[in-house]
2 protein chains.
Amino acid sequence: MSDVAREAGVSPMTVSNAFKRPEIVLPETRERILSAARRLGYVPNGIAGMLASGRSNLVAVLVPSIRNSSFARTIQGLSDALSEHGFQLLLAVADTADSEFQAVESVLARRPAGIVLTGNEHHPDTVRLLRQSGVPLVETWILSEPILDMAVGFTLGDAAGEMARFLVSRGYRHIGFAGYLPAERSRFLERQRGFQSALRQAGLRDDLIFHADETVGFAGGRLAMTELRAREPRLDALFCVTDIFAVGALFECQRRGIAVPRDFAVAGYGDFEIAAEVVPGLTTVRTRGYEIGRAAASLVVERAAGRATTSRVDVGYELIIRGSA
Amino acid sequence: MSDVAREAGVSPMTVSNAFKRPEIVLPETRERILSAARRLGYVPNGIAGMLASGRSNLVAVLVPSIRNSSFARTIQGLSDALSEHGFQLLLAVADTADSEFQAVESVLARRPAGIVLTGNEHHPDTVRLLRQSGVPLVETWILSEPILDMAVGFTLGDAAGEMARFLVSRGYRHIGFAGYLPAERSRFLERQRGFQSALRQAGLRDDLIFHADETVGFAGGRLAMTELRAREPRLDALFCVTDIFAVGALFECQRRGIAVPRDFAVAGYGDFEIAAEVVPGLTTVRTRGYEIGRAAASLVVERAAGRATTSRVDVGYELIIRGSA
DNA sequence: CTGAAAGCGCTTACAG
DNA sequence: CTGAAAGCGCTTACAG
């Protein structure tokens, strides 16, 4: 910067002003500075700027996985919204309590303007670290307490309950559920509870539950069908916690020659791109991962700008009825 | 840090040493410092550290899209390898020349230890900026010149040619190609050229080419089938530049009642998870996106450590033969 | 509208 | 093994 100042014949702080507050610098001075900067190939050192100003234009996002379409959408939404506001995105993939703690620790060293987390279950040590940092926090994909600071999501259980009622309305009576492990995680459990209570209200069996590890993909649907049909031969529908399981279940029906939706219904969660393309089309809960990302970005940006904001955003969901149920 | 120093009764620089070079500090002094730090909830300010040391543990990655499984794998590989070395990942999604330039500019302000790019085609302005920054650069998913600095990938054309020869060997004679737009982009063109030259060598028609926008998903396969079958009713195979198109083509066959692989073959590129699950299983080129990410991370980390490294890494590919061809 | 001075929180030689 | 001093490249009040 001092090189630019010398080249333009002004002081360093006028150079700084020409970049940060152009309106307070005479147009001709500004022009001289900008052209000097261009000539020298000057790229401002943001590190120094942040240290001096105490402001940061970095937002960190912690996701359990990036391969999951839902989180990929959230990241895309964050990335789009943040770049519109001149913020950058620090990505940390952390799938265990330990790695989450480590990620938070190293992220905090960068003094980000905000941290976007997935879910509301974090190790007490992580929570302590997060809290005392004073950094704005957004938890995503969940809207139930405890919420650390701000949250963007929707009511997971409502969506699952609505889908269960829909399946019942279509005449299915032995409905299974394929969920994720660890089943106690609230992000997963809420869906299961919503499903079960809807079935109970309909006077139906609510214990046809199967759990697969989050690392399992399409195979989850196949495994669920095998196990649940063994437990209940009359099984006539399967609601999956993710479209991936659901599509896997559809493939399995195809292999076994089970007619969908006549003899068996499959419903998913997510409305990933494949849901509209698979044959038959997948009935599913459309979630708004992209909007979650954008909303989370907004909350952080608003907070960084010192503006008061809401701290809860419900992006909603939608039942999408296709051919599979 | 000065608080910690006071609390532990030492100077700030001993605190710094206790963290960065623990071996030169007396064990008992170190212990006193660490416990003081813990007591005060001290989190080192990495920003200040970077400014003072001129070293950065940040690596930026620029991808055209995060929804694409290939890039998601690369990012996962980068993330895993970088966190093992204490580096962090700055993610920028840029799908146009303009946004790439902007992303590079803002990334450079952070003085990263390296920048990982996708492909080898960048706007001249971007190249200039990149070059004069002196930051280590890794281009991924490509191994052909011009390469700015380092590259990790495999020979795209070889893989496509090999698949074309395989289809020919199975007896298919009117083989179409479904590629991405803009077709001139070398990352796309190399595959097409490899495919075409293999067909020509087999004495077959090489002009059954269809292009779809990169934003098109499964629909790409459907569109390719419709258009190419209109142009050549005897079309009996389709090689797709991505498994997504290929699976879309399989779904389309299912809808139209075309028997795969008896009457029609479909081959993909990527070996995404769905390739093994769809019915019939998809014959495809397995690429190593995760390894590309890990290798790119290694190159940057080695360079940051001042160690000499190779500047080209070929991670290879593999033909995976399943039921679709 | 422009500038001299202090300071952000570390690290880096260099002494002791 | 420990510390006083200078400096990384900016920004922030505060003068002029």
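Being a predicted model, the structure only gives us computed values, none of them experimental. By convention in this document, chain letters (A, B, ...) are assigned in the order of the sequence lines, proteins followed by strands, and residues within each chain are numbered from 1.
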Any residue meeting side-chain hydrogen bond (donor to acceptor under 3.5 Å, both in side chains) with [X], in chain and number order, not counting sequence neighbours:
X      : value
B:T140 : none
A:R312 : A:E145
B:S70  : B:N68

Run the side-chain hydrogen bond (donor to acceptor under 3.5 Å, both in side chains) check on B:Q88 and A:R110 step by step: do they pass? CA-CA 10 Å; B:Q88 294 184 302; A:R110 276 186 197 281; 2.4 Å; yes
For residues 77-88 of chain A, the salt bridge (Lys or Arg N to Asp or Glu O under 4.0 Å) pairs (sequence neighbours left out) are A:E84-A:R294
Salt bridge (Lys or Arg N to Asp or Glu O under 4.0 Å) pairs touching residues 119-140 of chain B, sequence neighbours excluded, are B:D125-B:R128
Please work out which residues in [range] have a non-hydrogen atom less than 4.0 Å from an atom of DNA chain D and list them by number.
range                       : answer
residues 105-114 of chain A : none
residues 3-11 of chain B    : B:V10, B:S11
residues 17-46 of chain A   : A:K20, A:Y42, A:N45

Taken in chain and number order and not counting sequence neighbours, the residues that satisfy side-chain contact (heavy atoms from CB on, under 4.5 Å) with B:T126 are B:E100, B:F101, B:V104, B:H122, B:H123, B:L130
DNA chain D: first to last nucleotide in contact with chain A (atom under 4.0 angstrom from a heavy atom), 5' to 3', is D:dG9 to D:dA13
All stems that DNA chain C takes part in, i.e. 3 or more consecutive Watson-Crick or G-U pairs with distances under 3.5 Å, are C:1-3 with D:14-16, C:5-12 with D:5-12, C:14-16 with D:1-3
Residues passing the ring pair (Phe, Tyr, Trp, His ring centres under 6.0 Å) test with B:F87, sequence neighbours excluded, are none
Notebook entry, point to check: Touch check for A:G49, heavy atoms < 4.0 angstrom, all strands: base, sugar-phosphate only, or nothing?
Noted result: sugar-phosphate
